[in-house]
Amino acid sequence: MMVPYLDLTQSYQNIHGELKTAFKRVLRSGWVILGREVKEFEEQYAQFSTVSYCAGVGNGLDALILSLKALCVGPGDEVIVPSNTYIATLVAVSRVGAKPVLAEPKKETYNIDPKEIEKVITKKTKAIIPVHLFGQACQMDKIMAIAKKHHLFVVEDNAQSHGATFKNKITGSFGDINGTSFYPGKNLGAIGDAGAVTTNSKKLYESVILLRNYGEVKKYVNTVVGFNSRLDELQAALLQVRLKHVWQYTAKKQAIAEIYLKELTGVGDLVLPHTETYATNVYHVFPVRTKKRNELQKFLNRKGIKTLIHYPIPPHLQDAYKDLGFSKGSFPISEELADTSLSLPIFPEMTKQQVYAVIAEIKHFYKGQ
Ligand SMILES: *Cc1c(COP(=O)(O)O)cnc(C)c1O
C-alpha cells in the first residue's frame, strides 16, 4: 500500500467548494493586498489564539523577524533558541543582527530544557525563543519565570503547534509577542506562504503593522525603515476556510497518534513520542527514534511508505552557522536526535488502512532483524 508522508491534494479536495467560494470572493472584490480578508482572518486567528492582536505577515520567518524587530532586538544582543529546531528560528535572530545562542532540548519531549536556558544567559541576552516542536507545548511556566527573573522577552515560535496547550492555555498566547507559520504542510496551512504574529501588546502589534508594510503610517508617509511582508487577501481568505477545520484536523491527527502509540509500544528499539501531562500534543510531526533509523527508512520506502527526518543536520553543524564555532559533539542531545529520529506519516486524511499498513511494515522490519 502506498502511504505518502502528507497528502495535500486530498486535503484540498475535501474542502474544494469552500475554497472556491473564498477564491471567488477575492476575485470579485478586486482588492488583493491588505484588505477585508486579512482583517477578518486576523480577528479570527487572534480569537483562536486567545490574544488581543494578530498581524498577518508573509511567512513564518518574517513573523519571527518582525517580532524581534518590534522588541528592538538587534546587533549586540543575544537570543536563546533551542539547538534542535528548524533553521528558521536561528535565521530570524541572525536577520535582525543579533546572535543565536543555543540551548539543548529534553530528549523526551524534543523541546528546549528550561535548565539549559538558564546556563547560557549572559548580560547580552535579550530574548528567548521557545519552539513548540512537533506539536507539543514547551514548559511555558518555567520559561516565563526565567524570563521574568532575568528581564528577558519571550517570543514563541508556534509554527508547529497551532492549537496545542500548556496547562490549558494555548500556545502563541504566552510570549510578549509570538510568530507562527502557515506554510502549507503545517497543522494550519495556507495554499502558499503565509504567517502571523500574535500579541496582547497594542504597541508591539502596531509596530509589526508598520514594519510589515514599508514602515508606512499612511500612504507614502514612512516613519521607519520597514519590510514588505504582507499576508495577501487570497491566502487570508483561504486560511479562514482552513481555520474552520483546524480542530477537526487536529483531532484526526491525535487519533492516528493514539493508534501508533498503542500499536508500536515495545516494538524493536523504537522510542515513541512522549507527551507531558501538562501539555497537549497536536502532532505536527510523529517522530520515533531508533538506532536503525536509516535502515528502517529505506525498508519503509521500498514498501511505498514515505517518511521524513526532522532534522538530519542540526543548525550548529550547518555550514550557514560555521561562524558560531561549533563542531560535532557541541550539542550531543540534538546530534543524537538528528541521527536517530524518523517521522512517520501523519495527516488528517490518512486512512485507518494506511495507519495499520505503516504499523505492520514496521513490525515486519523488526521481525527480520
Ligand atoms: C516552518 C517553520 C518556520 C518558518 O516558517 P516559514 O513560513 O516556512 O517561513 C519557523 N520555525 C519553525 C519551527 C518552523 O517549523
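Whatever order the structure lists them in is the order used to number ligands and atoms, beginning at 1. All values below were derived from every heavy atom in this structure, side-chain atoms included, with hydrogens, water molecules and symmetry-related copies excluded.
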K.L.:
So, are Glu116 and Lys106 salt-bridged, with charged N and O less than 4.0 Å apart?
P.N.:
no
K.L.:
Counting the benzene-type ring for Trp, do Tyr214 and Phe227 have ring centres under 6.0 Å apart?
P.N.:
no
K.L.:
Quick one: look up the protein heavy atom nearest atom 15 (O) of ligand 1 and list residue, atom name and how far away it is.
P.N.:
Gln160 NE2, 2.8 Å
K.L.:
Got the closest protein heavy atom to atom 9 (O) of ligand 1, with its distance?
P.N.:
Leu61 N, 2.9 Å
K.L.:
Looking at Phe286 versus Tyr260, is the centre-to-centre ring distance below 6.0 Å?
P.N.:
yes
K.L.:
Checking a contact table here: which protein heavy atom is nearest atom 1 (C) of ligand 1, and how many Å away?
P.N.:
Lys186 NZ, 1.5 Å
K.L.:
Using a 4.0 Å heavy-atom cut-off, say whether Asp157 meets ligand 1 through its side chain, its backbone, both or neither.
P.N.:
side chain
K.L.:
Can you tell which part of Val131 has a heavy atom less than 4.0 Å from ligand 1: side chain, backbone, both or neither?
P.N.:
side chain
K.L.:
Considering only non-hydrogen protein atoms, determine which one is nearest to atom 8 (O) of ligand 1 and report residue, atom name and distance to 0.1 Å.
P.N.:
Tyr183 CD1, 3.9 Å
K.L.:
Which of the numbered atoms in ligand 1 are below 4.0 angstrom from a heavy atom of Ala159?
P.N.:
2 (C), 3 (C), 10 (C), 11 (N), 12 (C), 14 (C), 15 (O)
K.L.:
For atom 10 (C) of ligand 1, what is the closest protein heavy atom, and at what distance to 0.1 Å?
P.N.:
Ala88 CB, 3.4 Å
K.L.:
Would the His162 and Phe182 ring centres measure less than 6.0 Å apart?
P.N.:
yes
K.L.:
Could you check Val267, Leu261, Leu344 and say which one makes a side chain to side chain contact (heavy atoms under 4.5 Å, CB included) with Leu272?
P.N.:
Leu261
K.L.:
Please report the C-alpha distance between Tyr86 and Tyr311 in whole Å, then the side-chain angles of each, then the deciding distance to 0.1 Å, and finally whether the ring pair (Phe, Tyr, Trp, His ring centres under 6.0 Å) criterion is met.
P.N.:
CA-CA 7 Å; Tyr86 178 56; Tyr311 297 95; 5.7 Å; yes
